Amino acid sequence: MDDQISILKFGHPELGVRVGVHKGDNIYDVTERIPSITHWLEYTLTNDDDLEMLIEASESSAVFSASDLEYKPSSKKLHWLAPIDHQDVWASGVTYQISRNARQEESKDGGDVYQRVFSSIRPELFYKSKGKEVMGHLDQVGIRNDTTWNVPEPELCFVINRNMKIVGLTAGNDMSSRDIEGENPLYLPQAKNYLKSCALGKEISVGRHADFPTTNVGLTIQRGGQIVFEEIISTKRIARKASNLLDFLGRSQNHEPGVFLMTGTGIVPPSDFTLAEGDTVTIEIDEVTSLKNEVVIV
């Protein structure tokens, strides 16, 4: 992890929204050189040395310790922000066999539609969130007030420029109301897209990944300080190729400022588990980043 280079956004109590580069234990304020995530994404369109660009930008910058940002969003303290500007977040469904099985189990009509999409060339892709509505590390995620069965979905998330090239990775939480989607697959937008339903990790890992890396995605849920669910899955078990997801995401679409794509979950809590207000959801993706949020009812 020590040689990992990441780009991120953070809040400064006096300077407002800032862009940073994370190297080792330090966060370098590079806002004067890289004023936004969008600026960096535009740079990647014509340059293959975006990693070197981040390193150079950090050489004469103000420095903070990464631990200085470990606070809930506040106007009085440094804190992490979701590493996204006005890009859209999309998501992939049924990319792991375990996700297919879970969707079939929850579906009132037997879930044949999920078996068919799992084996189809065309993947399930859906719109998840506007960039400005995405939650960051130590912020809140929501569960709908009209549902009874809610779960987090920990996912590896691609950061993609408008040429449909993967230029970074982060963690994603695709919050989901399983009872809504289970009642009818046509209700998926209501199960997936609502207030505080999307969160992204601390930062965007840059420079080492152009496809699915072999890594582990971990989920821990705590309630009252006690672990009530914990699981890890390898991305080796994703049944789709990155090229397949990007191909269909780019068809008949114009992702002008770039786009974020969650690549599906392989961790599904048991059917008798549902999130409760006050739970803490932690997602860890090895050699990428982490994400921690408190659950609230929205």
Side-chain angles (χ1 to χ4, degrees), residues 4-9 19 21-22 34-54 81-96 121-136 153-174 192-193 198-215 217 235 238-265 283 285 287-289 291:
Q4 178 176 323
I5 304 294
S6 301
I7 186 170
L8 58 107
K9 288 173 66 174
V19 176
V21 169
H22 188 180
I34 309 171
S36 65
I37 298 297
T38 301
H39 180 92
W40 167 68
L41 285 171
E42 288 295 306
Y43 182 88
T44 67
L45 295 172
T46 55
N47 297 273
D48 293 327
D49 61 344
D50 54 304
L51 184 59
E52 186 63 31
M53 173 238 204
L54 297 181
L81 295 172
I84 188 170
D85 294 335
H86 53 282
Q87 290 76 27
D88 290 333
V89 180
W90 284 65
S92 315
V94 202
T95 56
Y96 291 80
I121 293 175
R122 182 183 292 272
E124 179 191 12
L125 298 171
F126 56 91
Y127 181 81
K128 180 64 182 179
S129 179
K130 299 176 182 178
K132 66 180 182 179
E133 296 175 352
V134 175
M135 301 293 104
E153 296 194 359
E155 309 190 16
L156 180 71
C157 183
F158 291 153
V159 183
I160 305 162
N161 66 23
R162 60 183 167 89
N163 285 349
M164 301 307 294
K165 176 184 176 182
I166 300 168
V167 293
L169 302 172
T170 190
N173 185 353
D174 173 19
K192 294 287 192 177
N193 189 335
C198 179
L200 292 175
K202 293 179 179 180
E203 57 210 324
I204 298 168
S205 177
V206 178
R208 293 187 296 180
H209 311 294
D211 205 322
F212 283 118
T214 299
T215 188
V217 179
T235 55
I238 294 177
R240 294 275 177 181
K241 292 185 179 295
S243 57
N244 172 257
L245 296 177
L246 266 65
D247 174 19
F248 282 91
L249 181 64
R251 291 188 181 188
S252 301
Q253 291 281 356
N254 179 14
H255 300 292
E256 183 63 31
V259 63
F260 287 60
L261 177 64
M262 296 190 187
T263 59
T265 189
I283 296 169
I285 302 183
E287 297 187 340
V288 177
T289 190
L291 172 62

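The model shown is predicted, which means the values in this text are computed figures rather than measured ones.
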From K241 atom NZ to L246 atom CG, the distance as rounded to the nearest 0.5 Å: 13.5 Å

Side-chain donor/acceptor of T263 to backbone N/O of C157, under 3.5 Å: no

Spatial distance of atom CG (L8) from atom NE2 (H22) [nearest 0.5 Å]: 8.0 Å

Nearest-0.5 Å distance, CD1 of residue I166 to CG of residue L261: 8.5 Å

Steps toward side chain to side chain contact (heavy atoms under 4.5 Å, CB included) verdict (R162, L45): CA-CA 8 Å; R162 60 183 167 89; L45 295 172; 3.2 Å; yes

Heavy-atom pair of closest approach, residues T265 and P154: OG1-O, 3.2 Å

Close side-chain approach of H255 to N161, heavy-atom, < 4.5 Å: no

Trace of the side chain to side chain donor-acceptor pair (under 3.5 Å) decision for D50 with T44: CA-CA 6 Å; D50 54 304; T44 67; over 6 Å; no

Closest contact, heavy atoms only, S36 versus H39: OG-N, 2.9 Å

Side-chain (D247) to main-chain (S243) donor-acceptor, under 3.5 angstrom: no

Polar side chain donor-acceptor pair, S6 to Q4, under 3.5 angstrom: yes

Nearest heavy atoms of G93 and F126, plus distance in Å: N-CE2, 4.2 Å

Rounded distance [0.5 Å steps], CH2 in W40 versus CD1 in I7: 6.0 Å

Residue pair A171 / T289: nearest heavy atoms and the distance that separates them: N-CG2, 3.5 Å

M262 backbone acceptor or donor facing S92 side chain under 3.5 Å: yes

Pairing residues for K165 by the salt bridge (Lys or Arg N to Asp or Glu O under 4.0 Å) criterion, not counting sequence neighbours: D48

Test item: V167 and I160 side chains (from C-beta on) under 4.5 Å apart, heavy atoms: no

Any L249 side-chain heavy atom under 4.5 Å of F158 side chain: no

D174 (side chain) donor-acceptor with E153 (main chain) under 3.5 angstrom: no

Neighbour count above 12 (heavy atom, 6.0 Å) for R251 CZ: yes

T235 side chain vs T215 backbone, donor-acceptor pair below 3.5 Å: yes

Only pairs under 3.5 Å count here: list side-chain donor-acceptor contacts from residues 83-90, not counting sequence neighbours, and write none if there are none.
{"from": "D85", "atom 1": "OD1", "to": "K9", "atom 2": "NZ", "distance (Å)": "3.0"}
{"from": "D85", "atom 1": "OD2", "to": "I37", "atom 2": "N", "distance (Å)": "2.9"}
{"from": "D85", "atom 1": "OD2", "to": "T38", "atom 2": "N", "distance (Å)": "2.7"}
{"from": "D85", "atom 1": "OD2", "to": "T38", "atom 2": "OG1", "distance (Å)": "2.9"}
{"from": "Q87", "atom 1": "OE1", "to": "D85", "atom 2": "N", "distance (Å)": "2.9"}
{"from": "Q87", "atom 1": "NE2", "to": "T38", "atom 2": "OG1", "distance (Å)": "2.9"}
{"from": "Q87", "atom 1": "NE2", "to": "P257", "atom 2": "O", "distance (Å)": "3.1"}
{"from": "D88", "atom 1": "OD1", "to": "Y127", "atom 2": "OH", "distance (Å)": "3.4"}

Inter-residue atom distance I121.CD1 - F248.CZ, 0.5 Å rounding: 7.0 Å

Distance in Å, C198 SG paired with N193 CG, rounded so as to fall on 0.5 Å steps: 9.0 Å

Taking every non-hydrogen atom, the tightest pair across L54 and V21: O-CG2, 3.8 Å

Minimum side-chain heavy-atom gap P123-N244 below 4.5 Å: yes

Shortest non-hydrogen contact from G168 toward I204: CA-CG2, 3.7 Å

